[in-house]
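Below: the structure, in structure tokens.
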Amino acid sequence: MKKQINLIKEFVKMLLIIALLSILGKANAQVLPEYSAFPETSIGLNLGTQGFGIQGTKSFARFLNARVGFNTTADLSFQYNNRTVQLDRTSVYAIVDWQPLYGRTDWLARKWFISTGISYYFSNTVYRQGVGVLPDYYIYMSKLRPYIGTGLGNIPISNHIGLRTDLGWYIPTSAATSSYENKGEKVSTGLRGLLPGLNAGATIYIKF
């Protein structure tokens with residue numbers, strides 16, 4: 001947990017530096033039209049299936065946007081079938097967004113974007129409590145994952161606060177493994193295989 005906190009602190013420092021440089025250069029920056037899906041620069045907090053974290057963005061070429069972020073589940077534990085399940089997931093990612101319908105004035109065209117990127121998980125494991133003759137075991141999932149997705153952006157909450165939504169998938173580059181029998185194989189197939197990489201969430205951010 002201390003390692004995760006230190007990573008968050010370093011990431012916040014980096015985002016603050018980016019924001020400061022952006023503010024200093026704002027006088028010379030081109031203001032994007034209202035029909036863009038991206039704020040010029042932003043820093044926000046996101047929450048979703050990948051955990052909670054921090055995200056910074058910078059738009060360029062009007063219809064393109066770059067994002068970097070950090071997510072963690074903070075060792076989330078819950079009960080499933082009266083047994084403890086613990087999710088340990090911490091990752092960093094870089095994503096590029098493209099607004100295909102840039103220039104049109106209808107609501108969807110001004111908000112919809114397509115995303116691609118990559119994520120690296122410092123940890124990506126599931127702990128499952130045993131019962132009876134079944135022992136406790138861990139499932140280890142792919143750490144390096146390309147990303148594809150879509151979303152809606154630049155949804156105003158106030159003059160300087162906006163909302164972004166995401167729906168996508170971090171694609172595994174290797175099969176899950178387990179410390180017990182074939183449990184890793186079970187989470188790599190069908191719907192169970194999609195769930196670990198699912199990215200459904202929202203980000204509330206401050207515009208600069």
Linked, directly or transitively: [X] and [Y] (ILVMFWY side chains, under 4.5 Å):
X	Y	value
Tyr138	Leu195	no
Val96	Phe38	no
Phe78	Tyr127	no
Ile118	Phe122	yes
Phe63	Phe60	yes

Atom of [X], atom of [Y] and distance for their closest heavy-atom approach:
X	Y	answer
Phe113	Gly153	CE2-N, 3.5 Å
Trp107	Leu152	CH2-CD1, 4.0 Å
Leu167	Ala200	CD1-CB, 4.0 Å
Pro39	Thr57	CG-OG1, 4.3 Å

Yes or no on side-chain contact (heavy atoms from CB on, under 4.5 Å) for Asn154 and Arg110, after CA distance, side-chain angles and deciding distance?
CA-CA 8 Å; Asn154 215 10; Arg110 290 184 288 116; over 6 Å; no
Run the salt-bridge test on Asp97 and Arg164 with the 4.0 Å N-O cut-off and return the result as yes or no.
no
Any donor-acceptor pair under 3.5 Å linking the side chain of [X] with the backbone of [Y]?
X	Y	result
Gln99	Ala109	yes
Arg89	Pro196	yes
Thr84	Gln79	no
Thr49	Leu198	yes
Ser115	Ile148	no
Thr73	Leu87	yes

Just verifying a value: how many Å separate [X] [atom1] and [Y] [atom2], rounded to the nearest 0.5 Å?
X	Y	atom1	atom2	value
Asp106	Tyr35	CG	OH	12.5 Å
Asn46	Leu163	CG	CG	11.5 Å
Ser42	Ile161	OG	CD1	12.0 Å
Thr173	Arg145	OG1	CZ	7.5 Å
Ser179	Tyr140	OG	OH	5.0 Å
Lys207	Asn159	NZ	CG	8.0 Å

Are [X] and [Y] close enough that some pair of their side-chain heavy atoms sits under 4.5 Å apart?
X	Y	result
Glu40	Phe208	no
Met141	Val126	yes
Leu45	Ile54	yes
Tyr147	Ser119	no
Asn124	Ser91	no

CD1/Ile155: more than 12 non-hydrogen atoms of other groups inside 6.0 Å
yes
Result for side chain to side chain donor-acceptor pair (under 3.5 Å) between Gln50 and one of Tyr93, Tyr170, Tyr121 points to Tyr121
Please walk me through it: do Tyr180 and Ile139 pass side-chain contact (heavy atoms from CB on, under 4.5 Å)?
CA-CA 8 Å; Tyr180 177 70; Ile139 297 173; over 6 Å; no
